[in-house]
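Only a predicted model underlies this, so the values are computations on that prediction, with no experimental measurement involved. Below, all heavy atoms of this structure are taken into account, side chains as well, without hydrogens, waters or symmetry copies.
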Amino acid sequence: MATDTETDVFEEHRPVLQGVAYRMLGRVSDAEDVVQDAWLRWSAADRSEVREPRAYLVRVTTRLAIDRLRQVKARGETYVGPWLPEPYVTDFGDTVPDTAEQAVLADTVSLAVMVVLESLSPLERAVFVLREAFGYPYAEIAAMLDRGEPAVRQLAGRARKHVDERRPRYEVDPARRRDLTERFLVAAGGGDLEALMSLLAPDVRLVGDSGGKTKAPLRVLESADHVSRFIVGVAEKGAQDLTWRFLELNGGPAALALSGGRPDSVFQLDIVDGRVQSVYIIRNPDKLRSLLNL
């Protein structure tokens, strides 16, 4: 049975473990399951063989996440419509005092980057997360994954190139993103086509994730004309009881729509040169459960 001290040590590192698991899996519930499994391993571990608890826990969590990701890929699960990761609350608070470090953590958990990470192999994804998000040296990553350091460097280079080639450019200033999000919602809620068009980049993309369980586009919409007309059409038919709450999700400001007090959808925007480049809408009810008690 784990002692209070062992529990305290685990809880101290839980945010890091949750961050690793989520970036590996893109699903809050799966990440929580992996962290719980890591706790079971930790509580049964021989303490005399654990020299560095954080390194041990990150290694166990990473390996468990790799195994789970491989199982998902082996099942070849199909998804109805575009896929987006489950929204992840990222209020780093006092746990990340360095502004530059917080920016790195936020960038590696953004919706755009998480979508790109889905196309990596489990090992590439693990190396990328440990190196780019948490700054682990190659030698430590090699030890965690039981791989040679040259092989890990090769995996890291391949993963970084893949992500850099596909990572969209966007502004990370939260104040500007929050301001444009508010203006976007006012224009959308009022069905103001002209105002929406003024906010959208000409090649804007709208990605809606419903998993086939609620209404959302089953393909990515492109161009300011298509996106604005879709949004106005939704506003004209939409529910009248929606209320909005702003919060930080996946490293940036997002708007949570509530219907009858329950999460209905999440909106998040990517901004480039002061205009909306991407609109993300998550409506799959399974992906909104973790926001029920916020």
- prompt: Under 30°, 30 to 60°, or over 60°: which ring-plane class applies to Y88 and Y22, parallel, tilted or perpendicular?
  reply: parallel
message: For D179, is there any backbone N or O sitting under 3.5 Å from a side-chain donor or acceptor partner on R183?
response: no
- request: Please answer whether the main-chain N or O of L249 pairs with a side-chain N or O of Q268 as donor and acceptor at a distance below 3.5 Å.
  value: yes
L292 side chain reached by R262 side chain, heavy atoms, under 4.5 Å: yes
message: Other residues, nucleotides and ligands only: do more than 12 of their heavy atoms fall within 6.0 Å of CZ on R167?
response: yes
field: Exam field: side chain R205 to backbone V227, donor-acceptor pair closer than 3.5 Å
entry: no
query: Should we say atom CD of E11 is surrounded by more than 12 heavy atoms from elsewhere, each under 6.0 Å from it?
result: yes
- prompt: Is the shortest heavy-atom distance from the side chain of V127 to the side chain of E132 under 4.5 Å?
  reply: no
task: Answer yes or no: is there a donor N or O on one side and an acceptor on the other, between the side chain of R177 and the main chain of L269, under 3.5 Å?
output: yes
query: Would you say the side chain of N250 lies within less than 4.5 Å of the side chain of V113, judging by non-hydrogen atoms?
result: no
- prompt: Considering only heavy atoms from C-beta outward, does the side chain of V207 approach that of V279 to under 4.5 Å?
  reply: no
task: Taking the side chain as every heavy atom from C-beta outward, state whether P263 and L256 have any pair of such atoms under 4.5 Å apart.
output: yes
query: Is there side-chain contact between P85 and L111, with at least one heavy-atom pair below 4.5 Å?
result: yes
query: Is a side-chain N or O of R27 found less than 3.5 angstrom from the main chain of L25, in a donor-acceptor match?
result: yes
- request: Would you sort out whether E86 and N284 count as a side chain to side chain donor-acceptor pair (under 3.5 Å), showing the intermediate values?
  value: CA-CA 9 Å; E86 187 174 343; N284 185 338; over 6 Å; no
statement: Rounded to the nearest 0.5 Å, the CD atom of E118 sits from the CH2 atom of W83 at a distance of 3.5 Å
Axial cation check for Y138 ring with R131, 6.0 Å and 45° limits: yes
query: Which heavy-atom pair separates S43 from L40 by the least distance, and what is that distance?
result: OG-O, 2.9 Å
query: Just checking, is any N or O donor in the side chain of Y280 or D270 under 3.5 Å from an acceptor N or O on the other one?
result: yes
task: Flag yes if more than 12 heavy atoms outside E182 fall under 6.0 Å of its CD atom; otherwise flag no.
output: yes
query: Between R125 (side chain) and M24 (backbone), is there a donor-acceptor pair under 3.5 Å?
result: yes
- request: For the pair R23 (side chain) and V129 (backbone), establish whether a donor and an acceptor sit closer than 3.5 Å, ignoring hydrogens and angles.
  value: no
- prompt: Are L199 and R275 close enough that some pair of their side-chain heavy atoms sits under 4.5 Å apart?
  reply: no
H162 (side chain) donor-acceptor with R158 (main chain) under 3.5 angstrom: no
- prompt: Taking C-beta and beyond as the side chain, do L291 and V89 meet within less than 4.5 Å on heavy atoms?
  reply: yes
query: Short question: side chain of R283, backbone of K215 - any donor-acceptor pair under 3.5 Å?
result: yes
Main-chain N/O of L84 paired to K287 side chain as donor or acceptor, under 3.5 Å: yes
- prompt: What are the two closest heavy atoms between T214 and P285, and how far apart are they?
  reply: CG2-CD, 3.9 Å
- prompt: Would one find more than 12 heavy atoms of other residues, nucleotides or ligands at under 6.0 Å from atom CZ of R229?
  reply: no
